[in-house]
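Notes follow once the structure below has been shown.
Side-chain atoms are counted along with the backbone in the values below, which use heavy atoms only and exclude waters and symmetry mates. Note that the structure is predicted; figures quoted are calculated from it, not measured.
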Amino acid sequence: MKASEKKPQRRIWLRLLPSGLILAALAIHLQPAFAQVPDSLLPRNLSPWGMFLNADIVVKAVMIGLAFASLVTWTVWLAKTIELRVGRGHALRRVRMLEQGGSLTEAAHECNGDRDAVAQLILSTAREAELSDGIVDDGFKERVALRLERVEAAMTREISRGIGILATIGATAPFVGLFGTVWGIMNSFIGISESHTTNLAVVAPGIAEALLATALGLVAAIPAVVIYNHLARVIAGYRALLSDASAQLLLMISRGQRSRDVVLPRAAE
């Protein structure tokens, strides 16, 4: 090989030599940092299920509680949606019947034995007409109005039963999740103190488990608040239907359409 060909090769080696020395020095410098982190402290399975399995017992309890609260939220939503849809359908049908201008006797026979809300209003009015012996005066109208208010309030309480738990879940779930987060971060700091290292491999799993508790708290709280507001609006509309039915019954009484000879069953109040 000629001397002119050897000179470029020597120049290339001289250029690469500093870079190789720098890389070797960095490797020697970083080797203790990797060596001080045991394999047991390296990042584990950070999937949601893996984080749940590796979480502290307190954080696990928080996660299970929040998952159960979310299940309760969707169960209440399904049950109340079906109940309100059925009740609203019955109420609309009864109100249309009352708007047709029939007599109280016909309306009472139409709903005899039924337990829906408007049927209870009609039967309660008919019961008061029976007890008043067919005397329609101002006192009779006041007694009927009191009966209608009592039945309407009772039906509203019945249809609203179970809604309050949604408000409780919506208000408390974020704080329960925050408690799990604080507990998980405390465990992460304890792990840092015990391992005598601030390497991210030590801190990451505990922080991830802690943040999962916060995420579950929001997953439980946000649907609970949205469903509660939706059901509250639907119940308000249902109560407006009951008020409309009560107004139709008072108008029917004002027209003197009542029954004196038919014994009607007592309505539940």
May I ask you to decide if [Y]'s main-chain N or O and [X]'s side chain share a donor-acceptor pair within less than 3.5 Å?
X      : Y      : value
Thr214 : Thr181 : no
Lys80  : Thr75  : no
Thr172 : Thr168 : yes

Nearest-0.5 Å distance that lies between atom [atom1] in [X] and atom [atom2] in [Y]:
X      : Y      : atom1 : atom2 : result
Met155 : Asp116 : CE    : CG    : 9.0 Å
Leu242 : Leu148 : CG    : CG    : 10.5 Å
Ile159 : Leu84  : CD1   : CG    : 4.5 Å
Arg143 : Ile253 : CZ    : CD1   : 10.0 Å
Arg96  : Arg93  : CZ    : CZ    : 10.0 Å
Arg94  : Gln248 : CZ    : CD    : 14.5 Å

Do [X] and [Y] touch side chain to side chain, with heavy atoms closer than 4.5 Å?
X      : Y      : value
Trp77  : Thr73  : no
Val76  : Ile227 : no
Met97  : Leu92  : no
Leu98  : Leu251 : no
Arg147 : Arg127 : yes
Glu99  : Asp244 : yes

[X] and [Y]: which non-hydrogen atoms are nearest, and at how many Å?
X      : Y      : value
Ala221 : Ala173 : CB-CB, 3.8 Å
Ala224 : Gly170 : CB-N, 3.8 Å
Ala117 : Tyr238 : CB-OH, 3.1 Å
Ala245 : Leu121 : CB-CD1, 4.1 Å
Leu123 : Ala108 : CD2-O, 4.1 Å
Ala69  : Ile169 : O-CD1, 3.5 Å

Do [X] and [Y] sit in the same hydrophobic cluster, where Ile, Leu, Val, Met, Phe, Trp and Tyr count as joined when their side-chain heavy atoms come under 4.5 Å apart?
X      : Y      : value
Val176 : Val225 : no
Phe68  : Phe175 : no
Leu66  : Phe179 : yes
Val226 : Ile163 : no
Val72  : Val219 : no

Original post:
Can you list the steps and then say if Leu146 with Arg150 is a side-chain contact (heavy atoms from CB on, under 4.5 Å)?
Top reply: CA-CA 6 Å; Leu146 289 174; Arg150 291 183 59 191; 5.6 Å; no

**OP:** Please report the C-alpha distance between Leu249 and Val144 in whole Å, then the side-chain angles of each, then the deciding distance to 0.1 Å, and finally whether the side-chain contact (heavy atoms from CB on, under 4.5 Å) criterion is met.
**Re:** CA-CA 9 Å; Leu249 287 170; Val144 170; 5.8 Å; no

**OP:** For His90 and Val118, run side-chain contact (heavy atoms from CB on, under 4.5 Å): C-alpha distance rounded to whole Å, both residues' side-chain angles, the deciding distance at 0.1 Å, then the answer.
**Re:** CA-CA 8 Å; His90 285 303; Val118 180; over 6 Å; no

**OP:** Please lay out, stage by stage, how Arg88 and Arg85 fare under the test side-chain contact (heavy atoms from CB on, under 4.5 Å).
**Re:** CA-CA 5 Å; Arg88 183 178 175 82; Arg85 181 167 297 180; 5.9 Å; no

Original post:
Crowded around Tyr228 OH? As in, over 12 foreign heavy atoms under 6.0 Å?
Top reply: no

Original post:
Does atom CD1 of Ile165 have more than 12 heavy-atom neighbours from other groups under 6.0 Å away?
Top reply: no

